Colleague: 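Structure below; questions to follow.
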Amino acid sequence: MAAIPKKKLVQWDPAEVKAELLAKYPSKVARKRAKQIMINEAQGNETPEISANVRTTPGIITMRGCTYAGCKGVIMGPTRDIVNLVHGPIGCSFYAWLTRRNQTDAGPDGENYMNYCFSTDMQDSDIIFGGEKKLTAAIQEAYDLFHPRSIAIFATCPVGLIGDDIHTVAKRMKDKFGDCNVYAFSCEGYKGVSQSAGHHIANNQVFKHIVGENDAEKPGKYKINLLGEYNIGGDGFEIDRIFKKCGITCISTFSGNSTYDQFASAHKADLNAVMCHRSINYVADMLETKFGIPWIKVNFIGADATAKSLRKIAEYFGDKELTDQVEAVIAEEMPEVLAARTDVRTRTEGKTAMMFVGGSRAHHYKELFNEMGMKTISAGYEFGHRDDYEGRQVIPTLEVDADSRNIEEIHVEPDETRYQARKTPAEFEALEKAGYTFKQYDGLVPDMDQGTIIIDDLNQYEAEKLVELMKPDIFCAGVKEKYSIQKLGVPMKQLHSYDSGGPYAGFKGAVNFYQEIDRLVNSRVWSYMQAPWQKNPELSASYVWE
Amino acid sequence: MAAIPKKKLVQWDPAEVKAELLAKYPSKVARKRAKQIMINEAQGNETPEISANVRTTPGIITMRGCTYAGCKGVIMGPTRDIVNLVHGPIGCSFYAWLTRRNQTDAGPDGENYMNYCFSTDMQDSDIIFGGEKKLTAAIQEAYDLFHPRSIAIFATCPVGLIGDDIHTVAKRMKDKFGDCNVYAFSCEGYKGVSQSAGHHIANNQVFKHIVGENDAEKPGKYKINLLGEYNIGGDGFEIDRIFKKCGITCISTFSGNSTYDQFASAHKADLNAVMCHRSINYVADMLETKFGIPWIKVNFIGADATAKSLRKIAEYFGDKELTDQVEAVIAEEMPEVLAARTDVRTRTEGKTAMMFVGGSRAHHYKELFNEMGMKTISAGYEFGHRDDYEGRQVIPTLEVDADSRNIEEIHVEPDETRYQARKTPAEFEALEKAGYTFKQYDGLVPDMDQGTIIIDDLNQYEAEKLVELMKPDIFCAGVKEKYSIQKLGVPMKQLHSYDSGGPYAGFKGAVNFYQEIDRLVNSRVWSYMQAPWQKNPELSASYVWE
Amino acid sequence: MLLRHTPKEITERSALVINPAKTCQPIGAMYAALGIHGCLPHSHGSQGCCAYHRSALTRHYKEPVSAATSSFTEGASVFGGQANMLQAIDNIFAVYDPEVIAIHTTCLSETIGDDLKQIKKKADAEGKIPKGKEIISCSTPSYVGSHVTGFSSMVTSMAKMAEPTGKKNGKLNIIPGWVEPADMEEIKRLVGLAGVKTILFPDTSGVLNGPLSGEYKMFPDGGTTVKELKSTGDSIGTLALGEWCSGEAARWLDSKMKVPCRVLDMPFGLSATDRFIDALRMIAGVSVPDEIALERGQLVDMISDMHQYFYHKKVALVGDPDQLIAMTEFLVSLDMCPIHIVTGTPGKKFEARIKEITKDMPYEVNVRAKGDMFLLHQWIKNEPVDLIIGNTYCKYIARDEDIPFVRWGFPILDRQGHQYFPTVGYKGGLRLLEKILGVLLDRLDRDAPEQSFELVL
Amino acid sequence: MLLRHTPKEITERSALVINPAKTCQPIGAMYAALGIHGCLPHSHGSQGCCAYHRSALTRHYKEPVSAATSSFTEGASVFGGQANMLQAIDNIFAVYDPEVIAIHTTCLSETIGDDLKQIKKKADAEGKIPKGKEIISCSTPSYVGSHVTGFSSMVTSMAKMAEPTGKKNGKLNIIPGWVEPADMEEIKRLVGLAGVKTILFPDTSGVLNGPLSGEYKMFPDGGTTVKELKSTGDSIGTLALGEWCSGEAARWLDSKMKVPCRVLDMPFGLSATDRFIDALRMIAGVSVPDEIALERGQLVDMISDMHQYFYHKKVALVGDPDQLIAMTEFLVSLDMCPIHIVTGTPGKKFEARIKEITKDMPYEVNVRAKGDMFLLHQWIKNEPVDLIIGNTYCKYIARDEDIPFVRWGFPILDRQGHQYFPTVGYKGGLRLLEKILGVLLDRLDRDAPEQSFELVL
């Protein structure tokens with residue numbers, strides 16, 4: 001396929017762009033959005049402040065979903081051997097049924113409920129008289145049919161409002177069954193301001209009800225947990241492949257292709273590697289406080305980032321055997337990656353991208369675009385917090401607003417019996433002296449170029465304007481945004497579901513991504529929008545017979 | 001499916017019908033057709049005479065095909081391990097490519113050329129300068145590619161006209177190869193008056209070039225050949241199943257699912273059972289004259305006819321073991337047949353059929369319709385001869401016209417070394433005294449009811465008239481006729497190709513046929529032709545709102 | 001096995017729904033509202049509902065689906081959503097400037113008892129609704145009915161826009177029900193051929209099957225105009241296609257606006273289309289044009305030509321009541337045997353209607369309203385079928401049980417064509433036959449032993 | 001294996017054709033003649049030819065195909081077929097009474113040198129041709145060209161019926177070439193939308209896709225009328241769609257009747273349809289109507305939506321030159337890779353054209369005119385493909401090699417739909433995409449491991 005030459009580079013002044021985006025808003029909205037649209041003018045290490053994790057404006061068409069989506073859809077969805085029972089009217093369970101592309105390997109035990117959709121399908125009578133009886137019966141029926149090792153209950157909007165006590169019901173059934181752990185999530189959709197609250201609610205319950213349930217020793221020399229990886233399009237499988245090859249044992253992944261037992265054994269790992277900072281950094285903190293497992297930020301999106309992350313893990317264990325193996329793996333995997341990269345760069349170099357997705361992805365995928373020589377001219381998160389933009393140093397300064405206040409924060413203490421420091425203070429010190437950083441994340445902003453535009457909770461109106469004004473070669477967001485962007489003639493790549501592509505993580509994933517982006521930004525298709533008669537509209541006389 | 005009640009029986013006077021059919025013809029054509037349209041007024045054993053195997057009238061849309069079709073398509077087509085190479089322009093080979101439904105079992109040796117189409121694709125230069133060189137090259141290429149045990153060459157129209165000597169070419173290549181029998185068929189489409197001439201040409205060559213080539217003894221106690229069975233829709237497989245069950249060994253079938261070696265060993269059988277009298281009775285005669293194998297007419301279309309034919313074969317061998325086995329098989333197979341028959345008869349009894357097909361089929365299938373309680377009100381052959389209508393007794397009286405004269409008649413003598421009477425004169429006499437009849441066929445006419453109409457070489461115009469006047473419940477012919485009949489709202493069953501149905505032979509075949517006819521004559525579909533607004537056409541005012 | 005935990009043995013379930021054959025009301029209201037020209041659907045609830053509905057519709061149509069939400073917070077859930085709704089109205093008219101905002105409720109706003117009529121009054125009083133702009137609304141609690149009833153509720157709200165002038169407009173209202181944009185287009189084509197002037201509502205053709213032209217229109221060219229909707233009260237009558245989707249709106253116009261109505265089945269298949277066309281020509285007092293008669297004849301022709309492949313094939317069906325009723329009748333008319341039929345939408349009269357249609361069939365029929373696909377799968381395990389017809393979720397059953405599968409209904413997430421090619425009318429019937437035949441013959445070809453692999457079928 | 005004797009290793013063949021990708025001229029002449037209203041095709045040769053052609057067309061269309069034959073006997077082959085032909089003319093007019101008899105020759109009558117013009121003269125002289133009836137004829141020896149050239153010859157004979165009055169009729173001649181009845185109907189629809197008055201010839205719509213109504217019409221309602229054919233000489237111009245099928249007739253009208261012509265590709269796929277529509281609007285001096293622009297936009301939309309599944313998929317194609325040229329261009333425009341392309345019809349310029357269209361493709365292209373399906377199969381064995389597009393005979397290759405297969409071209413003997421749903425124009429393009437996507441995604445679903453079995457595609 002011949003690359004279609006595009007007249008680049010569109011000239012634009014970020015201040016003008018920002019003004020354009022705000023122009024049409026009522027003043028109240030304009031003031032609010034002004035704080036969420038930031039022109040990147042980072043000087044040195046002082047980053048400008050952005051407003052994030054704040055309410056969505058009613059009536060403004062947002063990309064965001066709800067707390068239930070974050071809890072059931074994102075965090076618990078990928079866990080295969082837990083029966084995820086949604087307590088509420090049918091819709092919420094239906095929409096979360098197989099619509100995220102968390103891949104799952106049923107494994108030897110063959111337990112896999114991912115393809116099923118479970119609901120109490122609440123009716124008006126349940127709303128009036130309460131739904132606890134129906135929930136109890138549904139749990140019993142699920143248990144009788146499947147005898148799963150665990151049943152998770154998710155509350156949707158009305159449940160909280162009518163006051164069903166799902167936690168008591170769960171407890172009662174857990175005690176009744178004995179061989180099946182049952183627990184509940186109060187993840188009503190109206191809580192918080194985005195999916196983010198749902199991640200938090202989910203992770204808290206996993207930590208409270210599952211982590212530490214299994215104290216059996218796990219084999220393996222270099223044991224880690226991978227936090228915040230959801231195995232979209234098989235990303236997790238690729239990372240597992242690489243870990244295996246390196247000799248690293250992944251005790252548990254939160255929560256891609258995960259099982260109940262993985263969570264239950266998470267405390268047996270010696271290091272937590274955090275992928276998606278937004279959805280899970282607090283779990284890493286809790287695991288450290290309670291069990292003494294230190295954590296580091298990693299990123300397996302991008303081949304170079306993957307290599308860097310592997311080396312960081314190896315450095316932590318400080319064992320030559322592992323270091324050598326990691327280097328050997330990198331040496332073996334990179335040539336193919338570089339070959340693909342060199343090839344596509346001839347067609348992608350200098351092209352521009354925009355990304356508005358997730359709470360870390362927009363940052364992670366910048367790595368891949370960099371590797372292709374593509375510039376990210378605007379980016380932002382759908383449900384990120386300030387620390388995801390500006391770095392963890394701002395965390396102490398974040399004020400907790402009304403919406404976040406009700407999202408439970410668990411206070412954890414070191415476990416009397418099971419807390420165990422993974423290294424001596426001296427060892428930690430030595431590492432840090434050598435420049436090793438634990439629990440460190442600097443956020444998206446420092447990585448963005450001067451003058452690029454960073455926008456939190458981008459909405460449909462702004463997205464359309466942005467594309468019209470800045471004419472990127474590719475735009476990345478979710479399925480709801482895909483087709484309105486493409487109508488404008490700009491290819492759109494879904495970075496939630498990958499448009500049924502992937503994996504894009506690790507080494508093989510990088511190659512997949514290079515090729516996919518090459519296909520998109522160089523496709524002939526976008527040249528078909530104009531019909532010949534639009535190109536030269538003059539008429540009749542001009543027709544030439546043979 | 002509920003049977004749709006039909007107002008029966010249409011009243012018609014055969015003489016009027018005949019007059020109607022002839023009314024529109026130019027007088028010359030009318031005179032000719034009058035002799036081919038016969039009202040059955042059989043009294044006692046004297047059958048009225050019909051004109052058959054005569055020229056088709058130019059311009060009158062006939063059902064007939066050509067000599068090539070009869071030779072290559074019908075007789076040689078079903079033979080799987082002979083490369084059938086058509087010498088001529090591409091069309092004739094293309095049209096005969098997999099369009100008949102002779103099923104084939106590639107067998108252990110796996111040789112099967114049925115799915116292939118071979119042609120010399122003659123070009124104008126070949127017509128001008130002669131095609132022998134190209135034919136020679138094509139034979140060589142086929143030999144080099146496939147190394148078949150035999151290659152058959154078929155001449156299409158131009159070949160005879162330009163005088164290619166295909167027989168000499170064949171002989172030369174046969175001698176050259178040594179391990180591959182090559183022979184040719186002068187079956188140009190213009191010869192004879194129908195497919196029938198092609199059957200004759202094919203069978204003559206098979207007899208001359210293949211039969212008797214293999215003198216190796218064949219195992220089996222009750223050895224027969226089945227002549228004139230072409231395994232359409234798997235008929236032959238069903239008959240083989242029954243033979244096997246009875247302990248009868250079929251040395252060769254002419255020519256359904258046949259192989260070169262079967263033909264070559266045909267003279268090793270002790271009895272020839274003739275299915276399609278038209279296409280092959282003369283081969284049975286030659287096999288008797290040359291090798292001493294007697295022949296009988298059989299019919300495996302219809303369960304009762306099948307039983308009758310099996311008993312006739314058993315009676316010939318006159319061995320209790322065989323007789324008992326045959327009776328056991330019949331006893332085992334018939335209950336299912338009778339159950340199906342009883343069921344469908346509740347819906348088919350009294351319905352009427354028409355059949356215009358083949359040179360024996362119209363007669364054979366009458367048996368099946370009888371078994372369903374259906375009356376055949378008109379029938380005829382596409383390429384039958386007078387003996388197929390009136391019985392073999394008329395053969396001596398048939399005058400050979402210009403068109404038949406050029407179809408070779410082989411004169412055969414008893415084989416010095418291999419002729420062997422299968423029974424002593426006394427044994428034959430005993431059998432015949434017991435009412436056993438050899439080489440006996442009484443034809444279609446005696447089996448047709450008084451006043452039914454028998455028509456030879458029915459054409460499209462007459463078919464349409466006939467259906468309009470006599471309103472049968474089902475009409476049987478070939479694919480060319482199918483849709484014009486069905487446009488009239490009368491279901492049409494193909495009895496050449498079975499509309500991708502079958503098998504219809506033997507016991508299981510009978511059940512298939514019962515059910516297929518039941519489906520056709522009782523289908524709801526024919527009630528849909530009229531739209532509601534045609535049923536009650538009055539308008540507007542009458543619309544009733546709720 | 002993808003659904004490895006589904007047992008053959010069937011146990012009654014009183015509380016647990018597994019693999020639903022329905023979803024909730026609001027998405028139906030949203031789809032219906034997209035059939036109004038220049039309309040922005042609005043979901044009065046927490047933002048997740050709106051996100052889910054937009055995603056589902058987008059995946060089905062591969063087209064942009066715009067809709068706004070009140071983005072309830074916990075506070076709003078306690079103190080009521082009026083403030084959010086009023087703010088939303090301001091922002092929507094300021095930023096998107098639609099002709100109409102079509103608001104539907106959710107389980108959240110219904111549970112706390114928000115009163116949309118009252119909110120609209122307030123908005124009006126506060127001058128938040130620009131002159132000439134419309135706000136309509138309907139109540140669609142997710143814990144009642146299904147996506148089908150939600151669709152029906154919004155369609156009824158559309159009917160309630162009627163502003164009779166007392167002077168008849170000579171037009172016929174046609175309520176097509178929840179069918180594809182291509183189906184609505186086809187209905188308009190047939191009606192046009194029959195020479196009947198109509199108001200079709202809703203009408204998503206030109207909205208959810210749009211072109212790629214380099215331009216993004218938040219409000220595409222298609223859709224029923226407000227002017228037309230206001231005029232429905234002056235129409236000579238209303239044909240409602242489908243009791244579940246369209247009956248309520250038609251009867252409202254009948255009882256309140258004195259516009260007589262008739263509820264027909266959705267025109268899928270031969271007989272239902274016959275009844276639709278027959279109604280049209282009688283209402284219009286015209287005779288059926290040759291073009292329609294030809295299309296009908298072509299459908300009958302293909303039925304007769306291919307009957308041998310349809311005859312007595314067993315079929316499992318899952319979908320929505322109006323569609324299933326018409327499809328069941330069509331299959332029976334082909335001498336096929338629909339033996340397992342499930343809808344998630346409640347309604348005993350659905351089961352009665354199906355039993356009536358299938359009464360002469362040679363097989364026992366399993367039919368269930370308010371059923372789910374888990375039950376359907378169990379039925380199939382107990383009595384296998386030759387064909388499954390339903391939405392994309394059926395592919396898991398089809399693969400596990402190795403059964404030919406035709407995608408039809410909502411949602412179709414993994415194939416294309418449904419938004420471009422109608423299945424209503426006679427031409428639609430031809431398409432359905434082609435698809436059914438295609439999968440049956442593909443299977444025949446796949447499983448045929450080499451001896452009986454056929455060139456001609 | 002069905003084609004178990006086909007070796008991977010390719011050896012050149014000089015004389016032996018195996019599994020042809022063409023058939024003989026007369027069937028093309030017969031199909032073209034069926035596109036004249038009230039015409040009875042007549043095969044001047046032995047009766048087998050006619051029987052074979054009628055059977056082949058009948059199996060493809062599942063419709064009655066009437067045609068007569070001279071039923072040569074051996075005698076006629078020696079003394080010439082004039083007597084048979086004259087007798088046939090008598091009988092045909094007496095029994096069937098067509099408006100036109102369209103005679104084509106065969107290898108038989110050509111080899112013996114029958115002169116149809118002379119025979120027609122004699123028939124005329126002997127008053128065998130009733131007043132107002134027509135006899136046209138063309139020469140179609142089976143040992144020259146292919147079914148495509150035979151079609152072209154009869155179409156040229158139709159052009160030769162032109163009787164210019166000197167007064168322009170303001171119409172545009174369109175010669176659609178060998179496409180399906182549904183395609184001819186679609187071309188008429190597009191032309192109608194563009195507001196161009198045309199004479200389309202031949203036109204088999206309404207002839208070979210007729211209804212089942214209880215009535216059998218030997219001469220159905222469809223077809224180009226004799227009146228129209230006589231008027232083609234007065235037209236403003238001729239658009240010939242397809243060099244092989246339609247070029248000769250168009251050029252004859254140009255040179256002999258001074259009706260200017262332009263030969264375009266058959267309008268399959270986006271670009272070829274663009275050129276067709278662009279030609280129409282320029283000739284008519286109209287701007288392209290929104291309806292056509294919308295259909296175009298929908299096609300582009302679906303291409304962009306599904307591009308990921310088409311991208312770099314390898315395709316093997318077999319069929320006729322005009323169709324293959326357009327299809328190859330369409331596939332390339334989807335970023336698919338047609339790598340093996342065979343037609344049985346001779347013509348080196350076919351190979352040149354294909355090479356031109358595929359020159360930017362990342363793969364080596366095998367193309368052969370006057371090739372056969374045995375060669376195509378061998379190419380596939382050496383370089384496997386993701387998709388085969390061709391007539392029904394491809395199913396043997398598709399099954400042996402386990403390759404997704406889309407039926408397109410002539411003959412299609414084992415599926416339905418081609419006579420009812422067009423593949424020309426933008427809507428036809430949508431149908432082609434739907435079909436291609438269907439088989440590719442079916443394969444994806446079939447082969448996906450359970451971990452990556454997708455709900456949404």
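These numbers come from the heavy atoms of this one structure, side chains and all, not from hydrogens, waters or symmetry mates. Chain letters run A, B, ... following the sequence lines, proteins first, then strands; residues in each count from 1. What you are looking at is a predicted structure, and each value in this text was computed from that prediction instead of being measured.
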Colleague: Quick one: of C:A279, C:A250, C:G297, who has the most non-hydrogen atom pairs under 4.5 Å with chain B?
Modeller: C:A279
Colleague: Report the option among C:V288, C:V300, C:I303, C:V456 that has the most heavy-atom pairs separated by less than 4.5 Å from atoms of chain B.
Modeller: C:V288
Colleague: Drop me the distance from C:D274's CG to B:Q534's CD, to the nearest 0.5 angstrom.
Modeller: 9.5 Å
Colleague: Rounded to the nearest 0.5 Å, what separates atom CG in C:L455 from atom CZ in B:R100?
Modeller: 14.0 Å
Colleague: Report the residues that fulfil side-chain hydrogen bond (donor to acceptor under 3.5 Å, both in side chains) with B:T79, sequence neighbours left out, ordered by chain and then residue number.
Modeller: B:S258
Colleague: Nearest 0.5 Å please: distance from the CD1 atom of C:I292 over to the CH2 atom of B:W533.
Modeller: 7.0 Å
Colleague: Can you tell which part of B:N536 gets under 4.5 Å to a heavy atom of chain C, answering side chain, backbone, both or neither?
Modeller: both
Colleague: Evaluate the side-chain contact (heavy atoms from CB on, under 4.5 Å) criterion for residues C:T238 and B:W545: first the C-alpha distance (whole Å), next the side-chain angles of each, then the deciding distance (0.1 Å), finally the verdict.
Modeller: CA-CA 9 Å; C:T238 304; B:W545 299 102; 5.7 Å; no
Colleague: Heavy-atom cut-off 4.5 Å, strictly under: side chain, backbone, both or neither for C:F310 against chain B?
Modeller: neither
Colleague: My understanding is that only residues two or more places apart in sequence, or in another chain, count here; which of them pass side-chain hydrogen bond (donor to acceptor under 3.5 Å, both in side chains) with B:Y528?
Modeller: none
Colleague: If you count every heavy atom of other residues, nucleotides or ligands that lies below 6.0 Å from B:K244 atom NZ, does the total exceed 12?
Modeller: no
Colleague: Verify side-chain contact (heavy atoms from CB on, under 4.5 Å) between C:E450 and B:N115, making sure each step is shown before the conclusion.
Modeller: CA-CA 10 Å; C:E450 293 197 351; B:N115 298 329; over 6 Å; no
Colleague: By number, which residues in residues 492-502 of chain B have some heavy atom less than 4.5 Å away from chain C?
Modeller: B:D499, B:S500
Colleague: Going by residue number, which parts of residues 481-488 of chain B are within reach of chain C, meaning a heavy-atom gap below 4.5 Å?
Modeller: B:Y483, B:Q486, B:K487
Colleague: As an exercise, state the distance from OG of C:S304 to CH2 of B:W526, rounded to the nearest 0.5 Å.
Modeller: 4.5 Å
Colleague: What's the spacing between B:L98 CG and C:E454 CD if we round to 0.5 Å?
Modeller: 9.5 Å
Colleague: side-chain contact (heavy atoms from CB on, under 4.5 Å), that's the test. Do C:H312 and B:R519 meet it? Break it down for me.
Modeller: CA-CA 10 Å; C:H312 283 193; B:R519 176 185 73 80; over 6 Å; no
Colleague: For B:T104 versus C:Q451, what's the shortest heavy-atom pair and its separation?
Modeller: O-CG, 3.1 Å
Colleague: In this structure, are over 12 heavy atoms from other groups packed under 6.0 Å from C:D290 atom CG?
Modeller: no
Colleague: Within this structure, what is the CD-OH distance for the pair B:Q515 and C:Y311, rounded to the nearest 0.5 Å?
Modeller: 8.0 Å
Colleague: Give the minimum heavy-atom separation between C:H307 and B:V525, together with the two atoms involved.
Modeller: CD2-CG2, 3.4 Å
Colleague: Do C:R281 side-chain atoms and B:P537 backbone N/O form a donor-acceptor pair below 3.5 Å?
Modeller: yes
